[in-house]
Amino acid sequence: MDKKIVLITGVGRRKGLGYVTAEEFGKLEFHVIISARKPEQYEPLVKALNDEGYEAEGLSIDLLDDKSMDDAAEYIRSSYGKLDVLVNNAAMLWNGSMGPVDEIDNDQIRKEIGTNVIGTFIMMRNMHPLLRASGRGRIVNVSSGAGSYHDPVFGILHNADPATDWPVSLYGITKLAVNGITIKAAKEFKKDNILVNAICPGVMATSDSGNGFGGRDPRISAQKGVLWAATLPDDGQTGGFFRDDEELPW
């Protein structure tokens, strides 16, 4: 296949960042592969993308299921022989993870870290040979300002006071780890001309309630975050953490 191929994980809602990112890649004439845990989540979205004129298909990928990630890599290898862009968008955010250390359920700790950190790590490892085969692969890890020490709004050090309204969350801690493994992969994959960066999409209106928190159109985050990082030139930055193409302290 001559077309560039992108895999976007965690695409299960029409209003989510994953779906609008898929549309933006479609506009660039990529072959778009979207994934979610269950076919009933991604199949209507694949149809919607196809109806819009984009070349798209779906895969079942559960970041807590090693076999599903292995199978996805094998499918892409046998079907296309390469992957040009991996967007690690899938993540778990459980409301209870905002609570005190003493109150977070053990299973939820394992699921949230397993999904957001271990799953992201395995996806990068599994897709590495396919990205190398591209000749100029790109990995975009969707992170969060909550996964930094110094982000002026959401950073851990700015929100560690128990009296504030924004506690240090387990989700933020997992994204801190994602930023770390982004640097690890960037250093190790640079020899293969693969650029690896993390982006913070900001607060988005991905549901009807999102606007109540000042959330912006996720298309802005897709264009200025994910697409920007995915289309960097070969001499572009790698191992960085960005929001709207501006590097963030973390």
Side-chain angles (χ1 to χ4, degrees), residues 1 3-94 111-112 114-127 130-131 134 137-143 171 178 199 201 204-208 210 217-219 221-223 225-227 229-230:
M1 173 180 282
K3 276 192 172 186
K4 290 185 176 181
I5 303 164
V6 58
L7 170 62
I8 308 168
T9 65
V11 185
R13 294 183 297 124
R14 187 73 177 260
K15 290 187 176 182
L17 176 64
Y19 183 81
V20 297
T21 296
E23 287 183 310
E24 294 300 316
F25 276 109
K27 292 175 185 176
L28 295 179
E29 298 187 345
F30 274 70
H31 178 78
V32 179
I33 305 173
I34 64 172
S35 79
R37 290 183 297 110
K38 301 175 182 178
E40 54 264 35
Q41 292 174 297
Y42 65 73
E43 285 176 348
L45 303 182
V46 169
K47 182 180 185 303
L49 289 167
N50 292 157
D51 289 346
E52 291 180 62
Y54 306 132
E55 191 174 290
E57 63 179 311
L59 289 176
S60 296
I61 300 178
D62 183 342
L63 297 192
L64 293 173
D65 179 357
D66 289 359
K67 185 176 185 302
S68 75
M69 292 185 279
D70 293 345
D71 289 348
E74 175 56 26
Y75 171 78
I76 295 172
R77 186 202 64 77
S78 62
S79 299
Y80 307 112
K82 67 159 189 172
L83 181 67
D84 297 285
V85 179
L86 168 64
V87 179
N88 279 313
N89 175 64
M92 177 181 289
L93 171 57
W94 176 62
K111 286 179 181 178
E112 201 155 336
T115 299
N116 300 0
V117 183
I118 299 172
T120 296
F121 193 108
I122 293 172
M123 286 298 296
M124 291 196 298
R125 183 198 66 196
N126 283 11
M127 300 300 164
L130 296 164
L131 292 157
S134 162
R138 303 289 183 265
I139 298 175
V140 184
N141 291 326
V142 178
S143 185
Y171 176 80
V178 166
I199 67 104
M204 299 174 291
T206 57
S207 66
D208 292 338
D217 184 343
R219 195 168 303 278
S221 299
Q223 293 170 343
V226 180
L227 269 289

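Starting from 1, each residue takes its place in the sequence as its number. Just so we're clear, the structure is a prediction, and the values are computed from it rather than from any experiment.
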Verdict with supporting geometry, E29 and K3, salt bridge (Lys or Arg N to Asp or Glu O under 4.0 Å) | CA-CA 7 Å; E29 298 187 345; K3 276 192 172 186; over 6 Å; no

Please step through side chain to side chain contact (heavy atoms under 4.5 Å, CB included) for the pair L130 and I5, ending with a clear verdict.
-> CA-CA 10 Å; L130 296 164; I5 303 164; over 6 Å; no

Could you walk me through whether M127 and M69 pass the side chain to side chain contact (heavy atoms under 4.5 Å, CB included) test, one step at a time?
-> CA-CA 9 Å; M127 300 300 164; M69 292 185 279; over 6 Å; no

Start with the C-alpha distance between E24 and V226, add both sets of side-chain angles, then the distance that settles side chain to side chain contact (heavy atoms under 4.5 Å, CB included), and finish with yes or no.
-> CA-CA 10 Å; E24 294 300 316; V226 180; over 6 Å; no

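Of the inter-residue distances, the one linking L59 atom CG with S79 atom OG reads 8.5 Å to the nearest 0.5 angstrom. Note that OG1 of T9 is 7.0 Å distant from CG of L86, once rounded to the nearest 0.5 Å. For the atom pair CZ of R138 and CG of L227, the computed distance is 13.0 Å after rounding to the nearest 0.5 Å. Going from atom CD1 of I34 over to atom OG1 of T21 covers 11.5 Å, rounded to the nearest 0.5 Å. Once rounded to the nearest 0.5 Å, the distance linking CZ of R125 with CD1 of I118 reads 11.0 Å. Between the CG atom in D62 and the OG atom in S35 there is a gap of 9.5 Å [rounded to 0.5 Å].
For A230 against V85, the heavy-atom pair with the smallest separation is CB-CG1, 3.8 Å. A pairwise comparison of heavy atoms in L45 and R13 identifies CD1-N, 3.6 Å as the closest pair. Residues P218 and L17 approach most closely at O-CD1, 3.7 Å, considering heavy atoms. What you find for I61 and A72 is that their closest heavy atoms are CD1-CB, 3.6 Å. In terms of heavy-atom proximity, L64 sits nearest to G114 at CD2-C, 3.7 Å. A pairwise comparison of heavy atoms in V46 and G58 identifies CG2-N, 3.6 Å as the closest pair.
In this structure, the side chains of S60 and S68 stay at 4.5 Å or more apart for every pair of heavy atoms. Taking the side chain as every heavy atom from C-beta outward, I8 and Y19 never approach each other to under 4.5 Å. Contact of the E23 side chain with the Y54 side chain is registered, since non-hydrogen atoms from C-beta on lie closer than 4.5 Å. Contact check for L28 versus K4: no side-chain heavy atoms found under the 4.5 Å cut-off.
Judged by distance alone, with hydrogens and angles left aside, the side-chain atoms of D84 form no donor-acceptor pair with the main-chain N or O of V6 at under 3.5 Å. The closest donor-acceptor contact from the side chain of S78 to the backbone of Y75 lies under 3.5 Å. D217 places a side-chain N or O within 3.5 Å of a backbone atom of R219 that can act as its donor or acceptor partner. With N141 contributing its side chain and N88 its backbone, the two residues share no donor-acceptor pair below 3.5 Å.
The neighbour count for K27 NZ, taken as heavy atoms of other residues, nucleotides or ligands under 6.0 Å away, is above 12.
For D71, the salt bridge (charged side-chain N to carboxylate O under 4.0 Å, His left out) partners two or more places apart in sequence, or in a different chain, are K67. Under the ring-ring contact (aromatic ring centres under 6.0 Å, His included) criterion, F30 pairs with F25, sequence neighbours left out.
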